[in-house]
Amino acid sequence: MFIRGGQTSDIVNNVLREVYLMKKPNAIMFNKKNAIRPFEDVTSLEFFSSKNDASLFLFGSHNKKRPHNIVIGHMYDYHILDMIEFGVENYTSMKEFKNAKLTTGSKPCLLFSGEPFNTDHTHKRLQTLLINFFRGPVVQNIRLAGLEHVISFTAIDGKIAVRSYKTSLKKSGTKIPRVELEEIGPSIDLVLRRTQLASTDLYKRALKVPKTLKPKKKKNISIDKFKTTHGRVHMQKQDLSNLQTRKMKGLKRSRDENSEEIKGTKKSKQETN
């Protein structure tokens, strides 16, 4: 859901519109203004979520205290789970980039750079939120030529730099093409303002997968983190005493060695007698 607040600026309207174009056709744009204050009252957002069966939203507003303000969040069971507020800085519209635009419904490749995404709790939750928001439809396979959109999120100097690129496959002289990135916009710097994160227990409950959706485990079959399938085979104990091995010429005894061994055994018998 893309929702306009009671007061918005041109920058906020353009951000909502262009992110909406990136999410089409899996998005709903609210054209009317809505006097909502997400961090004070979430009932309207939860009502819109239930009515439109939508679990993600981007809300835009503008005032003197928080200029060019956007709030991104997601729901669990039509109730607010996580919600993070940003200020928009250094915004560059898609129209200012003269490169070719994306096709509607393309699935993007998401890149996250910066140490905070690995160490800071808020940035980790933000990363999950951004993945849910921008990842697009879930597919089993994707061809190389279909990977034409890249969205980069870089955490640096207390900001999140959002950049959008179109991939171009060039000849490289080998089977693997050379990949070049062309920035197509929008280009946005997001400054973190406020957060409302769910408790750890609620967050774990939201991540829980119902038993009916879990894949059934197959006996003696496992899949590693690289999605490689491994199988274990159990065999009965084998009797190797009668195993026929290959006879090697190098291991055969010569006639001289056999005759010497026979003479040695005869001498030992005579001595004992």
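Computed over heavy atoms, backbone and side chain alike; hydrogens, waters and symmetry mates excluded.
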Open item on the list: Which heavy atom of Pro108 sits nearest to which heavy atom of Ile151, and what is that distance?
Closed with: CB-CD1, 3.9 Å

Open item on the list: I want to check something: taking the side chain as every heavy atom from C-beta on, are His234 and Asn220 in contact at a cut-off of under 4.5 Å?
Closed with: yes

Open item on the list: If you define the side chain from C-beta out and look only at heavy atoms, does anything of Leu130 sit under 4.5 Å from Val162?
Closed with: no

- [ ] Ignoring hydrogens and angles, state whether a donor on the side chain of Glu18 or Ser93 is under 3.5 Å from an acceptor on the partner side chain.
- [x] yes

Task: pair Val71-Phe57: side-chain heavy atoms closer than 4.5 Å - done: yes

Open item on the list: Using the rule that Ile, Leu, Val, Met, Phe, Trp and Tyr join whenever any side-chain heavy atoms are under 4.5 Å apart, tell me whether Ile131 and Phe133 fall into a single cluster.
Closed with: yes

Task: Asn90 and Ile188, any side-chain heavy atoms less than 4.5 Å apart - done: no

Task: Arg178 side chain vs Lys171 backbone, donor-acceptor pair below 3.5 Å - done: yes

- [ ] Report yes or no: does Arg125 contribute a side-chain atom to a donor-acceptor pair with the main-chain N or O of Ala198 at less than 3.5 Å?
- [x] yes

Task: Side-chain donor or acceptor of Thr8 paired with backbone N/O of His62 under 3.5 Å - done: no

- [ ] Please examine the side chains of Ser61 and Gln7, heavy atoms only from C-beta on, and report whether any two atoms are closer than 4.5 Å.
- [x] no

TODO: Tell me whether Ile70 is reachable from Leu56 by hopping between hydrophobic residues (I, L, V, M, F, W, Y) whose side-chain heavy atoms are closer than 4.5 Å.
DONE: yes

Open item on the list: Does any part of the side chain of Leu190, heavy atoms only, come nearer than 4.5 Å to the side chain of Phe153, both counted from C-beta?
Closed with: no

Task: side-chain contact (heavy atoms from CB on, under 4.5 Å) partner of Leu202, chosen from Leu207, Leu81, Asp82 - done: Leu81

Task: Any side-chain heavy-atom pair of Leu58 and Ile3 under 4.5 Å - done: no

Open item on the list: Under 3.5 Å, is there a donor on one side chain and an acceptor on the other for Ser164 and His149?
Closed with: yes

TODO: Assess the side chains of Tyr78 and Asp53: does a donor N or O sit below 3.5 Å from an acceptor N or O?
DONE: yes

Open item on the list: For a quick test of reading the model, state the closest non-hydrogen atom pair linking Met1 to Leu45 and the distance between them.
Closed with: CE-O, 4.2 Å

Task: Side-chain donor-acceptor contact under 3.5 Å, Arg193 with Asn69 - done: yes

Open item on the list: So does Arg135 get a backbone contact from the side chain of Lys107, meaning a donor-acceptor N/O pair under 3.5 Å?
Closed with: yes

Task: Any donor-acceptor pair under 3.5 Å from Asn63 side chain to Lys65 backbone - done: yes

Task: Same apolar cluster (I L V M F W Y, side chains within < 4.5 Å links), Leu192/Leu126 - done: yes

Task: Trace of the side-chain hydrogen bond (donor to acceptor under 3.5 Å, both in side chains) decision for Arg163 with Ser187 - done: CA-CA 5 Å; Arg163 303 293 184 265; Ser187 174; 3.2 Å; yes

- [ ] Treating Ile, Leu, Val, Met, Phe, Trp and Tyr as nodes and any side-chain heavy-atom pair under 4.5 angstrom as an edge, say whether Phe59 and Phe48 lie in one connected cluster.
- [x] yes

TODO: Please name all residues satisfying ring pair (Phe, Tyr, Trp, His ring centres under 6.0 Å) with His74, sequence neighbours left out, ordered by chain then number.
DONE: none

Open item on the list: When you compare the side chains of Ser222 and His230, does any donor N or O come within less than 3.5 Å of an acceptor on the partner?
Closed with: no

- [ ] Determine yes or no for a side-chain-to-main-chain donor-acceptor pair under 3.5 angstrom, with Arg4 supplying the side chain and Asn34 the backbone.
- [x] no

TODO: Taking Ser168 for its side chain and Leu181 for its backbone only, find out whether a donor-acceptor pair lies under 3.5 Å.
DONE: no

Open item on the list: Return the CD1 to CD distance between Ile160 and Gln127, rounded to the nearest 0.5 Å.
Closed with: 10.0 Å

Task: Minimum side-chain heavy-atom gap Ile80-Met75 below 4.5 Å - done: yes

Task: salt bridge (Lys or Arg N to Asp or Glu O under 4.0 Å) partners for Glu182, two or more places apart - done: none

- [ ] Please state whether the rings of Phe117 and Phe112 are parallel, tilted or perpendicular, taking 30° and 60° as the class boundaries.
- [x] perpendicular

TODO: Check whether the side chains of Asp201 and Ser199 place a donor and an acceptor atom closer than 3.5 Å, and report yes or no.
DONE: no

Open item on the list: Whether the side chain of Asp157 engages the backbone of Lys159 through a donor-acceptor N/O pair (distance < 3.5 Å, no angle test) should be reported.
Closed with: no

Open item on the list: Using the rule that Ile, Leu, Val, Met, Phe, Trp and Tyr join whenever any side-chain heavy atoms are under 4.5 Å apart, tell me whether Val42 and Phe2 fall into a single cluster.
Closed with: no

- [ ] Write down the atom of Leu147, the atom of Cys109, and the distance for their closest heavy-atom approach.
- [x] CD1-CB, 3.8 Å

Task: Test item: Ser172 side-chain N/O and Ile176 main-chain N/O as donor-acceptor pair under 3.5 Å - done: yes

- [ ] Would you verify whether the NZ or CZ of Lys166 falls within 45 degrees of the ring axis of Phe97 while also being under 6.0 Å from that six-membered ring's centre?
- [x] no

TODO: Say whether, by atom type as modelled, one donor and one acceptor occur between the side chain of Asp120 and the main chain of Asn118 under 3.5 angstrom.
DONE: no

- [ ] Please say whether more than 12 non-hydrogen atoms of neighbouring residues, nucleotides or ligands are located less than 6.0 Å from CG in Asp77.
- [x] yes

TODO: Answer yes or no: are there more than 12 heavy-atom neighbours, outside Glu89 itself, under 6.0 Å from its atom CD?
DONE: yes

